[in-house]
Each structure stands twice: as C-alpha cells, then as structure tokens.
Number of protein chains: 2
Amino acid sequence: MSDVSDVSEESLARETASQAIAREVIALTRRARAAAAQLHPELSLVTHTILTHVSDQRGCNATDLAAHYMLDKSTVSRQVSALLRMGLLARRPDPRDHRAQILEVTEAGYSALAAAARSRQAMFDDRLGDWGTSDLVRFAAYLERYNRTLPRGGRPAAGDTVA
Amino acid sequence: MSDVSDVSEESLARETASQAIAREVIALTRRARAAAAQLHPELSLVTHTILTHVSDQRGCNATDLAAHYMLDKSTVSRQVSALLRMGLLARRPDPRDHRAQILEVTEAGYSALAAAARSRQAMFDDRLGDWGTSDLVRFAAYLERYNRTLPRGGRPAAGDTVA
DNA sequence: ACATTCTGTTGTATCATACAACTAGATGGT
DNA sequence: ACCATCTAGTTGTATGATACAACAGAATGT
C-alpha cells in the first residue's frame, strides 16, 4: 500500500465520499417538507424556523430574518403576520428606528416551540435509538462542522446548503 | 471512570448529541430550496431528484417515485410531465401491466444530470475541501446510515426526515 | 431641504403540493 | 366468465410558500 496508486486511491475515496455526501444531503432535504408537515401540522418548517430564530436572538426584526434565511422580505412579512395572528409572536416598535418592529416570542410561542421540540426529539430519538453513543456524538460533530462551512455572514450566494 | 455517574454521563451525551443532530438536520434543510434554485436553475430539486432516482433504478414507474419521496402521485405525474416535455425523460408502456409506464432517462437527461452533478460537486468540494479524507468517508457513512433508517417500506408516517 | 436609502406591507404571479374525482387496466372470488 | 375491487396514472381545484414590483413611512446624508 505504498506504491504509486496511493494517490489515485486517495482521490477516488475523496470523490466517492463527497459524491455520497452530496447525494445523501439531497435525499435528506427532499423529504423534509412532508415530514415536517406531518410532525407538527400547525407549525410549518418556515414558521418554526422563524420562531426559533427570534427566540435565539432574543428579539429581532423582519429584515434580519429575511437575510438569514435567504427569503424575500415579503415572504417573511406574511409568515410573521401569521405568527402574530396565532399569538406566537408579538411585536413592538423599535424606539431607535420607527420604521422597524422588534419581534418577540410570546409565552404561547415558547410553549409551541417546546411542544414541537418534544415531538421532534421523540422522532429523532426513535430513529437514532440503535446508534451507539460514540457514533451519535461523531455524527453530530460532522453535521455541525458541515453546517458551519455555510457562507453565513456574506451573501448566501449560489449553492448554499443543498444542490 | 467507573463509578455510578457513568450511566448519567452516557445518557447525557446521547441526549446532547441527538439534540444536536436534530438541530443540525433542520438547519441543513432550511436553506435548501433557495440554494438549489440558484445552483441549477433549470433543474429544480424535485425534478433533479426524480431524474436521479430513475437513473439509479435504471427505469421505474411513477408510483415508485411517489412512494420513495413521500409525494402525491399527482405531483409526481406533473413533474414527470415536465421532464418529458423537456426531453430529459422518456416513457414506454410496461409490457406486463398496461396501466403502468416505465420511465427512462434520455441522453439529454443524462447530460443534464451530469452537468448538474458537476456544478453541485464543485460546490460540495469547495465546502469539503479542507476535510480529511477519512472524515469525508465517515461523514458519508453516517449520512447513509441515517437516511437508511427512514421508514421506507411502511407508510412514511409522522416525522420522517426532519422536524 | 431634498434626494436617497431602508423597513415593512400589499398586489400579483408562479410553482410545488395535496386531495378528490376520474379513466383504464389488472386481479380475485364465486 | 363476471363482477367487485384494487391499482396506475391523469386532470381539476385549492392552498401555501415564494419572488418580484410598487408602494408608504421613516431615517440619513449632503
């Protein structure tokens, strides 16, 4: 195992693995919508995401959300409206800038988020039940590493997460 | 490292890891649509997926596709129609069952797939460029394992991939 | 002060999707 | 052989998420 073919074996392995990653990430993505809809019918993937982000940020405005998720501001505006109607989000004018609105998660919003987290976690636990702990830890680390390579700060650009 | 706290440490590690996996899988999913649209504008995520599946299966019918991707048959029907119109897919009647149609990827379809694969791979390679080969291989294996835990046979059920 | 820029809303179009109704072909029981 | 039932796929229709464009109101810079 130390002849000339090492180089090509190495690059073949890389190529195979990275193709597999591409394929599997796509597969993962493809089924997400239906699954999410089934798991918590009243909290769509988008609204759930928005709620989580506002919660994590301890309040933010619509423009932040749009930038972060590569969504048009009109889309965010409508999704936020829905969350306001549902009482899961509240807003108050930004004292520093009267154009902007500061969004905050309500008590009901936190409850909904907690409920969603529980059922989601139950599902993941079910799927990951027969994994060894060390595999779980390593897989989590890889996913984190992978996601951290996202062009987060700059413009999301072509080819963000999936392909 | 062999006292009573081992048990709780172990379960804590499991819980932390599985929460991280849940979180990261969701993060992965969120940005997918916009990214996919940008990466290859003429081949949407769905049509790309369908094309790939047909190619992998070396011919299959619409029902298989619907089951595999948790899509309604009407959705698949329309997406397949689009691919037929684009000339990327062809179909012929199944000799064994005159209700069914056997779908096959055309030459143009393979070209489109190859082109998409190139740009996609370029993006992934860019993101995975500083990963060691063994990490790539392990990550790919974990993703495959994770995706294989899908409730493939039975009804897709609540909570398939993401949450 | 006025032009420009920014936040957010609303109008409109598109697209993927689901559900329901339907057609045509297959299958099984009597 | 016949009818009931099941299955593959298409089409009609509605919904929901999205983008783009036009806009209003507020902030900012020259």
Worksheet item: Roughly how far, to the nearest 0.5 Å, is the SG atom of A/Cys60 from the CG atom of A/Leu103?
Response: 6.0 Å
Worksheet item: What string of B, S and - do you get for nucleotides 22-30 of chain D 5' to 3' if you count protein non-hydrogen atoms under 4.0 Å?
Response: ---BBS---
Worksheet item: Just by distance, do the side chain of A/Thr133 and the backbone of B/Arg14 share a donor-acceptor pair under 3.5 Å?
Response: no
Worksheet item: Rounding to a whole Å, what distance do you find between B/Asp64:CG and D/dT7:P?
Response: 14 Å
Below 3.5 Å between N/O atoms, which protein atoms pair up with nucleotides 13-16 of chain D? Just atom names and distances, please.
unit_1 : atom_1 : unit_2  : atom_2 : d
D/dT13 : O4     : B/Arg78 : NH2    : 3.2

Fill in: Over-ring placement of B/Arg138 relative to A/Tyr142, 6.0 Å and 45° cut-offs
no
Worksheet item: Roughly how far, to the nearest 0.5 Å, is CG of A/Leu88 from CG of A/Leu113?
Response: 9.0 Å
Response to the item:
To the nearest 10 degrees, the angle between the two end axes of the helix from C/dA1-D/dT30 to C/dT30-D/dA1 (five pairs per end) comes to 20°
Discussion item. In terms of relative ring orientation, are A/Phe139 and B/Phe139 parallel, tilted or perpendicular, with 30° and 60° separating the classes?
Written reply: tilted
Practice prompt. Among residues two or more places apart or on two chains, list those pairs meeting salt bridge (Lys or Arg N to Asp or Glu O under 4.0 Å) that have a residue in residues 78-95 of chain B.
Written response: B/Arg92-B/Glu104
Worksheet item: Which nucleotide span of DNA chain C, 5' end to 3' end, has atoms closer than 4.0 Å to non-hydrogen atoms of chain B?
Response: C/dA16 to C/dA26
Discussion item. Let me spell it out: for each of A/Val46 and B/Val76, pick the nucleotide of DNA chain D with the closest heavy atom. Which residue's pick is nearer the 5' end?
Written reply: B/Val76
Item to complete: Please state how far atom CG in B/Leu71 lies from atom P in D/dG9, giving the value in whole angstrom units.
Response: 14 Å
Practice prompt. Name every residue in residues 53-63 of chain B that has at least one heavy atom under 4.0 Å from any atom of DNA chain C, in order of residue number, or write none if there are no such residues.
Written response: none
Discussion item. With a 4.0 Å cutoff (strictly under), does any side-chain N or O of A/Thr75 reach OP1 or OP2 of D/dA17?
Written reply: no
Worksheet item: Can you tell me if B/Ser77 uses its side chain to pair, donor with acceptor, with the backbone of B/Lys73 under 3.5 Å?
Response: no
